[in-house]
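Here's the structure we're looking at; comments come further down.
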Amino acid sequence: MQSTQVFPLAADWLDLLTAEQQKRVRQDVLIEQVAAGTVVERKGEPVQSWLGVLDGLAKVSVGTADGRLVSFTGIPPGGWLGEGSLLKREKRKYDVVALRESVVARMPAATFNWLLDTSIPFNRYLLVQMNERLSQFIGRSEYRLLDPDARVARHVAELFNPLLYPGTGSRLAINQEEIGYLAGVSRQRANQALHRLEAAGLLTVGYGAIQVNDLDGLRRFGG
DNA sequence: GCATTAACCACCG
DNA sequence: CGGTGGTTAATGC
């Protein structure tokens, strides 16, 4: 199930490319619609493409051999990932799973490398993205020390990071179970945290969605 | 005390 | 109808 037809390609880096480069990208990138629960990429497989989430929500998880989750990230629409493994030509180091029905894009390694060789703006984009991700990763280590309300606040804020996920507006379709999963709390506790954050005027809770009103406030909440 | 799981049921789309 | 959310009760750390 793939089409190279019209793609409302959620990728702001596309604008950084020349017309010729955009043309090749559109030709080479494969788009695929996947059902909820689909394992888009499995840990250990050779990396052949750069992955983009165009619609839906994907999770990236890293676990130990016994299956225990060590790290876990949500990728909303507009997020692209896997450039690290692609650059090092190594095997994928994590599982990528669609949390719900999603649309994913794959850019072949050859195209990715060609862009690296021909587009300085694209390199700059990657540099910014990788730096931002590193900063996010380091910051997350202190989440464990925070209470559940603050953990939820920060994980929600991460999903709205404009540098990593430019396609995400102020509203994101994500249910409370998924938020709980991201923040490492139960659905009930996530629900409670969301309402406290709403009472603090930081976000608005909708049906199967949240709307962020104060991104900085969320990042700062509880600490 | 606080969080978790399980279970309801009401409501939204 | 299925999915989501608000709530409660029982149990554990």
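So you know, we letter chains A, B, ... as the sequences are listed, proteins then strands, and number each from 1.
Between A/Trp13 and A/Gln129, the closest side-chain pair of non-hydrogen atoms is not below 4.5 Å. Looking only at side-chain heavy atoms (C-beta outward), A/Glu83 and A/Met107 stay at 4.5 Å or farther from each other.
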Reading 5' to 3' through nucleotides 8-13 of chain C, protein heavy-atom contacts under 4.0 Å coded B for base, S for sugar-phosphate only, - for none: B-----

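Protein atom CD1 of A/Ile174 is 17 Å distant from nucleotide atom P of C/dG3, rounded to whole Å. Remark: C1' of C/dG3 and CG of A/Asn175 are 8 Å apart, rounded to the nearest angstrom. Atom CG in A/Asn191 sits about 7 Å away from atom P in C/dT7, given to the nearest Å. In this structure, A/Arg189 places its CZ atom 15 Å from C1' of C/dT7, rounding to the nearest Å. The interatomic distance linking A/Leu99 (CG) with C/dT4 (P) rounds to 11 Å, in whole Å.
DNA chain B lies under 4.0 Å from no heavy atom of any residue of residues 195-205 of chain A. For the segment residues 206-213 of chain A, the set of residues with a heavy atom within less than 4.0 Å of an atom of DNA chain C comprises A/Gly206, A/Tyr207, A/Gly208, in numerical order.
Using a cut-off of 4.0 Å between Lys/Arg side-chain N and Asp/Glu carboxylate O, A/Arg154 and A/Glu142 are scored as not salt-bridged.
In this structure, A/Trp50 and A/Tyr125 have perpendicular ring planes: the angle between them is above 60°, well past the 30° mark.
Considering A/Asp95, A/Val96, A/Val40 as possible partners of A/Val60, the one that fulfils the side chain to side chain contact (heavy atoms under 4.5 Å, CB included) test is A/Val96.
A donor and an acceptor atom sit less than 3.5 Å apart, one in the side chain of A/Arg187 and one in the base of C/dG6.
Judged by distance alone, with hydrogens and angles left aside, the side-chain atoms of A/Ser102 form a donor-acceptor pair with the main-chain N or O of A/Leu57 at under 3.5 Å. A donor-acceptor pair is defined here as one N or O able to donate and one able to accept, closer than 3.5 Å; such a pair exists between the side chain of A/Thr118 and the backbone of A/Trp114.
Applying the salt bridge (charged side-chain N to carboxylate O under 4.0 Å, His left out) test to residues at least two apart or on different chains, the pairs with a partner in residues 191-214 of chain A are A/Asp149-A/Arg196.
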Audit row: A/Leu81, A/Arg133, side-chain contact (heavy atoms from CB on, under 4.5 Å) steps and yes/no: CA-CA 10 Å; A/Leu81 62 143; A/Arg133 199 163 274 151; 4.3 Å; yes

A/Leu194/A/Val152 under side-chain contact (heavy atoms from CB on, under 4.5 Å): CA gap, chis, key distance, verdict: CA-CA 8 Å; A/Leu194 285 172; A/Val152 168; 4.1 Å; yes

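A/Phe122 and A/Met130 end up in the same hydrophobic cluster when Ile, Leu, Val, Met, Phe, Trp and Tyr side chains are linked at under 4.5 Å.
For DNA chain B, the contact window with chain A, defined by any atom under 4.0 Å from a protein heavy atom, covers B/dA3 to B/dG13 in 5' to 3' order.
Under the rule for a side-chain hydrogen bond (donor to acceptor under 3.5 Å, both in side chains), the partners of A/Glu158 that lie at least two apart in sequence or sit in another chain are A/Arg140, A/Tyr143.
In the displayed structure, A/Ile120 atom CD1 is contacted under 6.0 Å by at most 12 heavy atoms of other residues, nucleotides or ligands.
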